[in-house]
Each structure stands twice: as structure tokens, then as C-alpha cells.
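The block underneath contains the structure these notes are about, expressed in C-alpha cells.
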Amino acid sequence: MKDIDLRGKKVALIGGSGFIGHNLALKLVSLGATVDVIDSLQVNNLGAFSNVHGDPNKSLYLHVINTRLDLLRKAQIPLHVVDARDYQVLSRCLSDIKPDTIVQLAAIAHANRANKDPYSTFDHSFRTLENALDCARGQDKHFIYFSSSMVYGNFEGDAVTEDRRCEPMGIYGALKYGGEKLVIAYNQVFGLSYTIVRPSALYGERCVSRRVGQAFIENALRGINLSVNGDGTDALDFTYIDDLVQGLVLAIARKEARNEIFNLTYGGARTLNQMAEIIREQFPGIEVKYQPRDALMPERGTLSIEKAKSLLGYAPANPLEKGFVKYIGWYKELAKENPEFFKPQPVHA
Ligand SMILES: NC(=O)c1ccc[n+]([C@@H]2O[C@H](COP(=O)([O-])OP(=O)(O)OC[C@H]3O[C@@H](n4cnc5c(N)ncnc54)[C@H](O)[C@@H]3O)[C@@H](O)[C@H]2O)c1
């Protein structure tokens, strides 16, 4: 990415103080872009964790989110506290910012949570998307939509390519797929140029979503055994945040990304047992327990990243054996500085 210079680019990130958004914002600014973050801070963020009671991770996650906000502040990235479900407020905010690129990240970004609460998921994921598209239409903007590998449903055969028929399972995947269709419709009707990205199973610094890898590390730091859904042979295309951010920077910078769909993952699946093995190497004595598999979770695997490699020059550099070890190192440092967050207590994966 050494040759990429984003000076002159003006990017608005809707849902930009979340896990992916703040990491992306920091990278874009380091490459010369002007970035504005729009976020309600209410979903999987400050408001959500301030109002929970009895969550053993509450103080840890509030600390992590405040660290994100400090980093944004230090990088002088403006934060607009706006609920993107409100069309009028979002519209005013975007007309003040005047971005040339809008990245739509806002969502309930978790399949299990989406299945438990379809009403809010529709609101935060689909209503916000339609509002953002409507604010962007008719102008010369580039719209980047965060879809997901969950649009494919069960993976079959070799690495899944972008042109594979989509058969999503459950609320999250269905709304992501519907979102893709809506984005394409805005292109057809209003000429809005877009890029759709399909990431998978991200992990990395300052996430509070407690997906499997994060739950493993937090449990191990507290001396609690790991809990795996299924027999551990489920394979996912685990992707380190820095690799995804690299792909997004390329999608913003390169004209070849316009009106295309890209898988943006590491490009090689690993099983849950392989991930657990890395934990056991880093935390000797930790054991793995197996629980029944969630029937609504599709059987996944590797996504093909050939299209992103050839059109954008995407080159992910962090297989799980490397990226996950870096992530564990970051958590160990955090635990050294703040041992109170990892006092042994009953936490379920
Ligand atoms: N993390 C992953 O593994 C992964 C994989 C595939 C796709 N995605 C997609 O990437 C996007 C970002 O994911 P993330 O992991 O950063 O999630 P996240 O939960 O950390 O961030 C989402 C952000 O959106 C904000 N938001 C939600 N509703 C909003 C609203 N109504 N108005 C304003 N802001 C609102 C939240 O406050 C939060 O800061 C999501 O669309 C998610 O579905 C994530």
C-alpha cells in the first residue's frame, strides 16, 4: 500500500466508531484522507455497554471502546453522534460533511443477535442503509456497502467465488443479501457507483463483539476452558483486521473497484480446533469443551479472493497462525496493564 495516497479524498464512515470503522478511519487518515465518523454509539458500543448489568465484560469493553474514541480524537477525526435511522438528521449531517465516499458499516453485526432481534436488526441494518443510499443518490459519490460472507449460506465445494448463487440462512444473511440488491438498485435507478464487500470472521484489536476467537482469549486469560460449538471441524476464513483494512483502502483508492462485489478475507479457512490449538500453545493448561452446534449457522469455509487480488492488488499478509498470535499479544499486554479486567469469574463463550 506504499504507493497509495488518499490526499484529497473525503470519506464518511457510517457506523465508524465500531470495530472495523475506527480501525479503517485511522488507516485512511494516515494515508492522507479526510475522514468523518458518524455513529450513534448505541449498538454494540458505549450506550449498549453502559446500560447492561451483570455482564462480566462490561468494564473491559467500556475501556476498549473509550480507547477507540481516544484514538479517533488524537487523530483529529470528527465524531458526529447521529442515529442513522433518522433520515433528516443523517441527511443534514452528510450535506455538511460533503463526502466523496460513503462507507456504510452501521448494523447489528452479529448473526446470533440478529436472529434474536429481527426488528432492531432491520432498523439498524436496513433502514440505515436505505437512508444512507437516499442521501448519496444523484451525486457523484462512491458508496461502499458492508455485506458479509453469510450471504452465501452453506459453502459447497472449493473456495466460494463472488458469482456463486447466494442462499442466505437466517435474518442476518437475508438482510445483508437484501442490502446488496438495494445498493445495486440505486446504481440502476440513480447511477450511484458502489462497491460491495463480503468479509468473514474478523478478529483483531479493540473488538467487543465477542466472536469465537475473542471469547477464547478472554476465557484463557481468566483461566477458563474454551467452549466450542460442534466438534471443532467447522472451518472459517478468519481474517485479521489489518488485512481487511488494506482491502478497503484499495476499494476506495482504485477505480477498478467501482460497481463490483469483492470477497475480502484472508483466503484460507482454518478450523475451530486449529484456532483452539493456538490458544493452547499460548496458554498451557487450557482445555476445550464441545457443545452442540448451532443449526442456523451455515457450514462455511474459504472464500476466493482471486478477484480482489487481480483487480485491486489485494495481498493479505496474516494467516491465523500470525494474526491471531499478534491479537493474543495485544490482549496479554492489556491484561498486564489492567489485571482487574481478567479476574477469574464465570464467563460463558
Ligand atoms: N466483524 C465481522 O466479522 C464482520 C464480518 C462480515 C461483515 N461485517 C459487517 O461489517 C460492518 C461493521 O462491523 P463491525 O464488526 O465493525 O461491527 P460493530 O458492531 O463493531 O460496529 C457497528 C457500528 O455501527 C453503529 N451503529 C449501529 N446502528 C447505528 C445507527 N442506527 N446509527 C448510527 N450508528 C449505528 C454502532 O454504534 C457501531 O459502532 C457491519 O455491517 C457488519 O455486519 C462484519
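Remember, it's 1-based here, ligands and their atoms both numbered in the order they're listed. When reading the values below, keep in mind they use all heavy atoms of this one structure, side chains included, and skip hydrogens, waters and symmetry mates.
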Where V81 and S40 come nearest, the two heavy atoms and their spacing: CG1-O, 3.9 Å
Closest protein heavy atom to atom 8 (N) of ligand 1, given as residue, atom name and distance to 0.1 Å: Y172 OH, 3.7 Å
Top protein contact for atom 21 (O) of ligand 1, by heavy-atom distance: G18 CA, 3.4 Å
Whether Y331 and Y327 hold their rings parallel, tilted or perpendicular, with breakpoints at 30° and 60°: perpendicular
Donor-acceptor pair, side chain of D36 and main chain of P78, under 3.5 angstrom: no
E340/K343 salt bridge by N-O under 4.0 Å criterion: no
Any H110 heavy atom less than 4.0 Å to ligand 1: no
Plane angle bin for F341 and H63 - parallel if under 30°, tilted between 30 and 60°, otherwise perpendicular: tilted
Close N or O approach (R68, ligand 1; < 3.5 Å): no
Backbone or side-chain N or O of D39 under 3.5 Å from ligand 1 N or O: yes
Numbered atoms and elements of ligand 1 in range of H124, under 4.0 angstrom, heavy atoms: 28 (N), 29 (C), 30 (C), 31 (N)
L69 vs T67 side-chain heavy atoms within contact, under 4.5 Å: no
For atom 19 (O) of ligand 1, closest protein heavy-atom neighbour: N44 ND2, 2.9 Å
Heavy atom of K176, distance to ligand 1 below 4.0 Å: yes
Neighbour count >12 (heavy atoms, 6.0 Å) for atom NZ, K141: yes
Test of proximity, L105 against ligand 1: N or O pairs below 3.5 Å: yes
Short N-O contact, E167 and R165, less than 4.0 angstrom: yes
Residue-ligand contact G16/ligand 1, heavy atom below 4.0 Å: no
Closest approach of any protein heavy atom to atom 3 (O) of ligand 1, naming residue and atom: L202 N, 3.1 Å
Taking atom 23 (C) of ligand 1 as the reference point, the nearest protein heavy atom with its distance: G15 O, 3.5 Å
Nitrogen or oxygen of T128 less than 3.5 angstrom from that of ligand 1: no
Output field: ring centroids Y194/F143 closer than 6.0 Å: no
Atom 16 (O) of ligand 1 - nearest protein heavy atom and its distance: I20 N, 2.9 Å
Check against side-chain hydrogen bond (donor to acceptor under 3.5 Å, both in side chains), Y290 and N229: CA-CA 6 Å; Y290 294 93; N229 292 339; over 6 Å; no
More than 12 heavy atoms of other groups within 6.0 Å of D158 CG: no
Any N or O of S149 closer than 3.5 Å to N or O of ligand 1: no
S17: numbered ligand 1 atoms lying under 4.0 Å from its heavy atoms: 39 (O)
Nearest neighbour of atom 42 (C) of ligand 1 from the list G179, A111, A109, on a heavy-atom basis: A109
Part of D123 with heavy atoms under 4.0 Å of ligand 1, whether side chain, backbone, both or neither: neither
Per-atom contacts, ligand 1 versus S147 - under 4.0 Å to a heavy atom: 6 (C), 7 (C)
Identity and distance of the protein heavy atom lying nearest atom 31 (N) of ligand 1: D83 OD1, 2.9 Å
Shortest non-hydrogen contact between P99 and L94, atoms and distance: CD-O, 3.5 Å
Nearest non-hydrogen partners of I252 and I144, listed with the distance: CG1-CD1, 3.4 Å
Backbone or side-chain N or O of S148 under 3.5 Å from ligand 1 N or O: no
Check ion pair E156-R164 (N to O, under 4.0 angstrom): no
Backbone or side-chain N or O of F19 under 3.5 Å from ligand 1 N or O: yes
Backbone or side-chain N or O of G21 under 3.5 Å from ligand 1 N or O: no
Ion pair check, R300 and D237, cut-off under 4.0 Å: no
Centroid-centroid under 6.0 Å between Y240 and Y203 rings: yes
Nearest protein heavy atom with distance in Å, relative to atom 26 (N) of ligand 1: A106 CB, 3.8 Å
Any N or O of I108 closer than 3.5 Å to N or O of ligand 1: no
4.0 Å heavy-atom contact, V82 with ligand 1: yes
Distance filter under 4.0 Å to Q42 heavy atoms, resulting ligand 1 atoms: 37 (O)
Close-contact set for ligand 1 against P199 heavy atoms, below 4.0 Å: 6 (C), 7 (C)
salt_bridge(D100, K10) N-O dist < 4.0 Å: no
From V208, L175, D86, V43 - option closest to atom 27 (C) of ligand 1 by heavy atom: V43
